[in-house]
K.L.:
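Dumping the structure here so I can ask a few things about it.
Counting starts at 1 for both ligands and their atoms, following the listed order.
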Amino acid sequence: MRRGILTIATVGLLVTGGVAACGDDSGSDNDAGSDKKPKIGVILPDSKSSGRWENADRKFLEAAFKAAGVEAVIQNAQDDKNQFQTIADQMITGGVTALMIVNLDSGTGKAVLERAKSQGVATIDYDRLTLGGSAEYYVSFDNEVVGKLQGEGLTKCLTDKGVQKPVVAYLNGSPTDNNATLFKNGYDSVLKPKFDSGEYVKGPEQSVPAWDNAQGATLFEQMLTQTGGKIDGVLAANDGLGNAAISVLKKNKLNGKVPVTGQDADVQGLQNILAGDQCMTVYKAIKQEADAAAELAIGLAKGERKETGQTVKDPESGRDVPSVLLTPKLIFKENVKDVVADGFVTKEALCTAEYAKLCAEAGIS
Ligand code: BGC
């Protein structure tokens with residue numbers, strides 16, 4: 001019964017993503033034989049750069065594996081590359097038949113993928129592509145579109161505020177996360193033409209190591225000082241960095257005046273949007289990502305190779321990596337309610353006493 005629910009839900013997803021899901025074990029190059037009982041290992045990156053990993057990804061992955069009746073072990077490397085490798089080694093020695101990783105950087109990610117491969121363990125890059133890596137699949141969102149939505153969202157908020165020649169600062173994600181590069185490509189595609197035409201002015205820009213929120217606040221404080229307070233919009237790559245910028249803007253009584261972007265639709269990001277301190281966020285339905293990855297991992301563990309119907313070119317090796325890329329959604333104050341309706345965030349978590357009135361005004365009842 002539970003297995004049926006997972007299959008229907010995931011096949012529905014794969015079909016919407018233009019993917020034909022069909023089992024085929026001819027393409028398998030790992031010896032995760034069908035005689036072995038599937039056991040999946042998942043390594044999450046940290047629990048501080050975004051609440052998503054522990055609050056959403058872990059929960060939805062656990063549910064997907066449970067529904068399929070498959071044994072899984074999910075661990076978090078807590079932003080420690082040595083720990084990341086140790087966990088991977090333990091999982092491989094412990095007999096996982098497929099390994100799913102969210103790399104901390106491509107170097108360690110690649111080493112782990114290669115070690116798994118040498119032991120006959122199939123692999124998946126979950127959310128972040130490992131450059132030069134060897135994973136059988138890459139499951140993520142269309143991350144350039146994520147960045148494009150951030151650029152478009154910021155443009156709308158700046159237009160609404162009627163700011164002329166706004167100075168826009170960038171707080172990019174981690175320089176070692178390929179997603180951060182893709183997000184930036186996306187927002188640059190919207191904002192760079194405006195900088196080039198003189199409609200907007202490019203302000204300071206910093207990439208935040210490991211997406212560290214505290215460091216993001218320090219860097220943003222420096223930007224604000226450096227510009228003498230003249231920053232009119234902040235392209236922050238996720239909700240955590242957005243909140244870091246907002247905390248500094250608050251100290252300077254500029255919150256609500258300077259639009260700030262985000263990503264992940266986490267509770268704090270959504271509350272910042274309801275309060276008018278954050279312009280937008282990007283909602284990524286992590287349940288779809290977890291379901292798709294779990295289905296592929298279970299297939300791999302049985303020695304099957306499912307068709308995803310899509311590939312992404314690894315810019316380092318030129319390899320076409322079979323991929324599932326899901327569609328992100330732009331969230332402004334008006335449609336925060338959609339994130340609640342989708343079950344990603346509960347009304348109880350979002351609409352605490354301080355936000356109850358704002359929730360009601362935003363139609364979250
Ligand atoms: C993910 C984002 C997340 C960030 C920090 C990125 O790779 O795609 O959802 O906010 O990492 O953890």
K.L.:
Near ligand 1, which residues have a heavy atom under 4.0 Å away from one of its atoms?
P.N.:
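Contacting ligand 1 under 4.0 Å are S49, S50, R52, W53, D127, R128, D177, N179, F183, W211, N238, Q263, D264, K284.
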K.L.:
Go through K66 and E62 one step at a time and tell me if the salt bridge (Lys or Arg N to Asp or Glu O under 4.0 Å) criterion holds.
P.N.:
CA-CA 6 Å; K66 196 168 171 220; E62 266 169 9; over 6 Å; no
K.L.:
Report the C-alpha distance between D188 and K184 in whole Å, list the side-chain angles of each, state the deciding distance to 0.1 Å, and finish with yes or no for salt bridge (Lys or Arg N to Asp or Glu O under 4.0 Å).
P.N.:
CA-CA 6 Å; D188 265 347; K184 180 169 150 63; 3.1 Å; yes
K.L.:
Under the ring-ring contact (aromatic ring centres under 6.0 Å, His included) definition, can you give me all pairs with a residue in residues 235-275, not counting sequence neighbours?
P.N.:
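Residue pairs with at least one partner in residues 235-275: there are none.
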K.L.:
Would you please name every residue forming a ring-ring contact (aromatic ring centres under 6.0 Å, His included) with F344, sequence neighbours left out?
P.N.:
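With sequence neighbours excluded, F344 shows a ring-ring contact (aromatic ring centres under 6.0 Å, His included) to Y283, given in chain and number order.
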K.L.:
Do K156 and F332 form a cation-pi contact, if we require the NZ or CZ to be under 6.0 Å from the six-membered ring centre and within 45 degrees of the ring's axis?
P.N.:
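Yes.
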K.L.:
Does any pair with a residue in residues 329-340 pass side-chain hydrogen bond (donor to acceptor under 3.5 Å, both in side chains), and if so which ones, sequence neighbours excluded?
P.N.:
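Those involving residues 329-340 are K329-D338.
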